[in-house]
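A short worksheet on the structure shown next.
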Amino acid sequence: LSGLSLIVLLAPLPDQPALSHLIPEPTANANMVFCNYLIISPQGKGLFAKRPFKKGDTIFIEQPLVSSQFLWNALYKYRACEYCLRALETAEENARRLSGRAALNLPHPELCKVRPDRHQACPHCQVMYCSAECRQAAWEQHHRLLCIGSSHHDPDHPLNKLQDAWRSVHYPPETSSIMIMARMVATIKQAQDKERWQRLFSHFCSRTANEEEEIVHKLLGEKFQGQLSLLRNLFTTALYEDRLSQWFTPEGFRSLFSLVGTNGQGIGTSSLSQWVHACDALELPSQQREQLDALIDQLYKDIDKETGDFLNCEGSGLFLLQSSCNHSCAPNAEASFPDNNFLLHLSALSDISPGEEICISYLDGCQRERSRHSRHKILRENYLFVCSCQKCMSQMDDADMTSEEEEEEEEAEGETEGDDMEDEMTDV
């Protein structure tokens with residue numbers, strides 16, 4: 001493999017091509033560490049291209065070291081594979097539930113890639129998988145330890161108590177899950193090569209004690225100290241391991257919590273979204289195309305009225321390469337999940353030259369269009385750093401105000417320009 005055309009997979013997945021199963025293994029080299037295509041310098045992590053990429057190219061496809069569906073998302077009947085997070089509902093089942101239209105029939109059902117006949121449950125605890133391969137992969141990596149058998153409805157089981165406690169302190173919109181941490185522990189406890197897994201987890205970025213407290217505060221709210229202590233006690237009861245004793249101390253648990261909060265990448269899967277994309281690609285006569293587009297438009301209106309913004313199976317994962325990409329307010333790459341599972345595709349947003357750093361954005365498209373000061377405010381509050389990307393440096397002389405302040409200033413100026421102008425500004 002050359003450059004950054006890299007496939008990172010821990011285990012074979014159904015419906016995927018035969019791919020190399022690679023986990024980057026770091027080796028020391030003078031003052032830098034090379035992880036095949038990942039370069040870690042003394043100043044921090046960074047990902048750099050070793051060959052050119054064209055706009056739209058897939059830079060790499062990566063599987064998370066561990067991942068988990070969000071707990072509230074699962075409780076609200078968003079059915080996903082317990083291992084790869086593939087949506088288990090067919091597009092039609094998904095559309096019926098989200099829209100509240102129980103008799104809805106979607107055209108072109110052959111475009112839905114969900115295969116219910118392949119789904120398999122754990123024979124012990126009945127959690128569902130999209131395939132025998134995922135069930136086996138989960139069992140071999142972490143589920144043998146985390147399977148609670150017939151106790152899945154027992155509120156007093158230590159793992160159930162841990163998950164209930166998490167749901168009581170972290171509400172939608174969810175950004176993390178205590179089960180990522182549980183699967184990290186279980187993966188190491190089950191592994192034959194425990195040192196390798198500890199080494200892999202150690203590559204995720206760490207924080208200072210003050211930064212860790214800010215991240216915990218962000219995830220758990222004002223009473224985070226007491227909530228963190230409660231979670232640590234339940235976590236210890238459910239999962240304690242001598243080899244990982246440092247993760248169960250107050251300081252170590254806070255650091256582990258911060259690691260997941262800092263490095264977790266959101267994952268979204270949707271059989272309905274896949275079906276819609278497949279419909280968009282159909283070549284149809286103009287009248288049929290208009291009818292299909294009208295049906296899809298109406299469906300999304302019904303879903304918006306019935307369900308709102310929460311359309312996907314949602315979770316989070318730890319991706320070794322993706323987490324090494326630095327932020328830019330003008331990114332040259334972005335992550336997506338087009339396979340309806342946890343495989344992350346990093347794609348080029350523009351042409352990338354050899355030696356150029358590959359950067360993603362922690363901001364969404366709308367946030368990236370806001371003023372430099374506004375962007376910095378969001379990044380400081382949520383990610384605890386001040387951005388010095390090329391876009392921010394080029395705007396250093398801009399007025400030091402947030403986008404909200406800019407809007408208020410524009411409205412204030414508008415008030416002096418007559419009633420007509422005031423009405424126009426209000427409409428804008």
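The figures that follow rest on heavy atoms only: side chains count, while hydrogens, waters and symmetry mates do not.
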I'd like to know whether Ser67 forms a side chain to side chain contact (heavy atoms under 4.5 Å, CB included) with Ile267, so could you lay out the CA-CA distance, the side-chain angles of the two residues, the decisive distance to 0.1 Å, and finally the verdict.
CA-CA 9 Å; Ser67 61; Ile267 301 169; 4.1 Å; yes

What salt bridge (Lys or Arg N to Asp or Glu O under 4.0 Å) pairs are there with at least one residue in residues 95-109, not counting sequence neighbours?
Glu89-Arg97, Glu92-Arg96, Arg101-Asp302

Would you say the side chain of Cys134 lies within less than 4.5 Å of the side chain of Cys84, judging by non-hydrogen atoms?
yes

Under the salt bridge (Lys or Arg N to Asp or Glu O under 4.0 Å) rule, what pairs show up with a residue in residues 281-298, not counting sequence neighbours?
Arg289-Asp293

Value for OG (Ser324) from CG (Leu47), rounded to nearest 0.5 Å, stands at 6.5 Å

NZ/NE/NH1/NH2 to OD/OE distance under 4.0 Å, Lys77 and Glu93:
no

Taking every heavy atom of Cys313 against every heavy atom of Arg79, the minimum-distance pair comes out as SG-O, 3.3 Å

Quick one: pull up CD in Gln367 and SG in Cys329 and give me the separation to the nearest 0.5 Å.
10.0 Å

State, with a plain yes or no, whether a side-chain heavy atom of Met181 is found less than 4.5 Å away from one of Phe253.
yes

Determine whether Arg372 and Lys377 make a side-chain contact, defined as any pair of heavy atoms from C-beta on separated by less than 4.5 Å.
no

Which pairs pass salt bridge (Lys or Arg N to Asp or Glu O under 4.0 Å) with one or both residues in residues 134-149, sequence neighbours excluded?
none

What is the distance from atom CG of Leu346 to atom CZ of Phe319, rounded to the nearest 0.5 Å?
11.0 Å

Does Thr187 form a side-chain hydrogen bond (donor to acceptor under 3.5 Å, both in side chains) with Gln141? I'd like the steps, not just the answer.
CA-CA 5 Å; Thr187 294; Gln141 184 180 342; 3.2 Å; yes

Can you tell me which residue pairs pass the ring pair (Phe, Tyr, Trp, His ring centres under 6.0 Å) test with a partner in residues 164-194, sequence neighbours excluded?
Trp72-Tyr171, Trp166-His170, Trp166-Phe257

Under 3.5 Å donor-acceptor, Glu62 side chain and Leu321 backbone
yes

Do other residues, nucleotides or ligands put more than 12 heavy atoms under 6.0 Å from the CD atom of Glu381?
yes

Any sub-3.5 Å donor-acceptor pair from Ser328's side-chain atoms to Ile360's backbone N or O?
no

Closest non-hydrogen atom pair between Asn332 and Ile352, with its separation
O-CD1, 3.6 Å

Distance-minimising heavy-atom pair for Leu88 and Val114
O-CG1, 3.4 Å

Could you walk me through whether Leu234 and Leu159 satisfy the side chain to side chain contact (heavy atoms under 4.5 Å, CB included) test, starting with their C-alpha distance in whole Å, then the side-chain angles of each, then the deciding distance to 0.1 Å, before giving a yes or no?
CA-CA 8 Å; Leu234 293 171; Leu159 277 174; over 6 Å; no

Is a side-chain N or O of Ser151 found less than 3.5 angstrom from the main chain of Asp154, in a donor-acceptor match?
no

Donor-acceptor contacts under 3.5 Å from residues 384-393 side chains, at least two apart:
residue : atom : partner : partner atom : Å
Lys391  : NZ   : Arg368  : O            : 2.8

Beyond-backbone contact of Arg118 with Cys130, side-chain heavy atoms, under 4.5 angstrom
no

Applying side-chain hydrogen bond (donor to acceptor under 3.5 Å, both in side chains), run through Glu357 and Asn326 and close with a yes or a no.
CA-CA 8 Å; Glu357 184 171 10; Asn326 286 316; 2.7 Å; yes

Identify which one of Leu320, Val66, Leu259 satisfies the side chain to side chain contact (heavy atoms under 4.5 Å, CB included) criterion when paired with Phe201.
Val66

So, Trp275 side chain and His108 main chain: donor-acceptor pair closer than 3.5 Å or not?
yes

Working to the nearest 0.5 Å, report the span between CH2 of Trp247 and OG of Ser255.
11.0 Å

May I ask you to check whether Trp139 and His124 place their ring centres under 6.0 Å from each other?
yes

Taking side-chain hydrogen bond (donor to acceptor under 3.5 Å, both in side chains) as the cut-off, I'd like each qualifying pair that reaches into residues 155-164, sequence neighbours left out, listed once.
Asp164-Arg167

Okay, side chain of Ser258, backbone of Arg254: is any donor-acceptor separation there less than 3.5 Å?
no

For Val260, does its backbone N or O pair with a side-chain atom of Asn263 as donor and acceptor, under 3.5 Å?
no

Any donor-acceptor pair under 3.5 Å linking the side chain of Thr269 with the backbone of Leu85?
yes

Cationic N near anionic O, under 4.0 Å, Arg183 to Glu82:
yes

Please give me the minimum heavy-atom distance between Ser316 and Ile180, naming the atom from each residue.
O-CD1, 3.1 Å

Interatomic spacing from CD in Gln120 to SG in Cys81 - rounded to 0.5 Å
10.5 Å

Just how far is it from atom CD of Glu356 to atom OG of Ser350, taken to the nearest 0.5 Å?
6.5 Å

Applying ring pair (Phe, Tyr, Trp, His ring centres under 6.0 Å) to Phe337 and Phe342, what does each step give before you reach the verdict?
CA-CA 7 Å; Phe337 298 88; Phe342 62 10; 9.0 Å; no

Please confirm whether the backbone N or O of Asn341 pairs with a side-chain atom of Asp339, one donor and one acceptor, at under 3.5 Å?
no

Would you say Ser347 and Ile59 make side-chain contact, with heavy atoms under 4.5 Å?
no

Check: Tyr78 and Gln69 side chains under 4.5 Å, non-hydrogen atoms
yes

Please evaluate residues Arg370 and Ile378 with respect to the criterion side chain to side chain contact (heavy atoms under 4.5 Å, CB included), reporting the C-alpha separation (whole Å), side-chain torsions for both, the decisive distance (0.1 Å), and the verdict.
CA-CA 10 Å; Arg370 298 170 75 174; Ile378 296 169; 3.7 Å; yes

For Leu318 and Met184, work out which heavy atoms get closest and say how close.
CD1-SD, 3.7 Å

Note, Leu71 side chain near Ile178 side chain (heavy atom, < 4.5 Å):
yes

Going by heavy atoms in the side chains, are Asn312 and Leu272 under 4.5 Å from each other?
no

Any sub-3.5 Å donor-acceptor pair from Asp351's side-chain atoms to Lys55's backbone N or O?
yes

So, does Gln298 use its side chain to make a donor-acceptor pair with the main chain of Leu295 at under 3.5 Å?
no

Minimum heavy-atom separation for Leu146 to Ala186, with atom names?
CG-CB, 3.7 Å

Are Tyr383 and Tyr362 an aromatic pair, judged by ring center distance below 6.0 Å?
yes

For Phe53 and Thr58: C-alpha separation, side-chain torsions, deciding distance, then whether side chain to side chain contact (heavy atoms under 4.5 Å, CB included) applies.
CA-CA 8 Å; Phe53 292 96; Thr58 297; over 6 Å; no

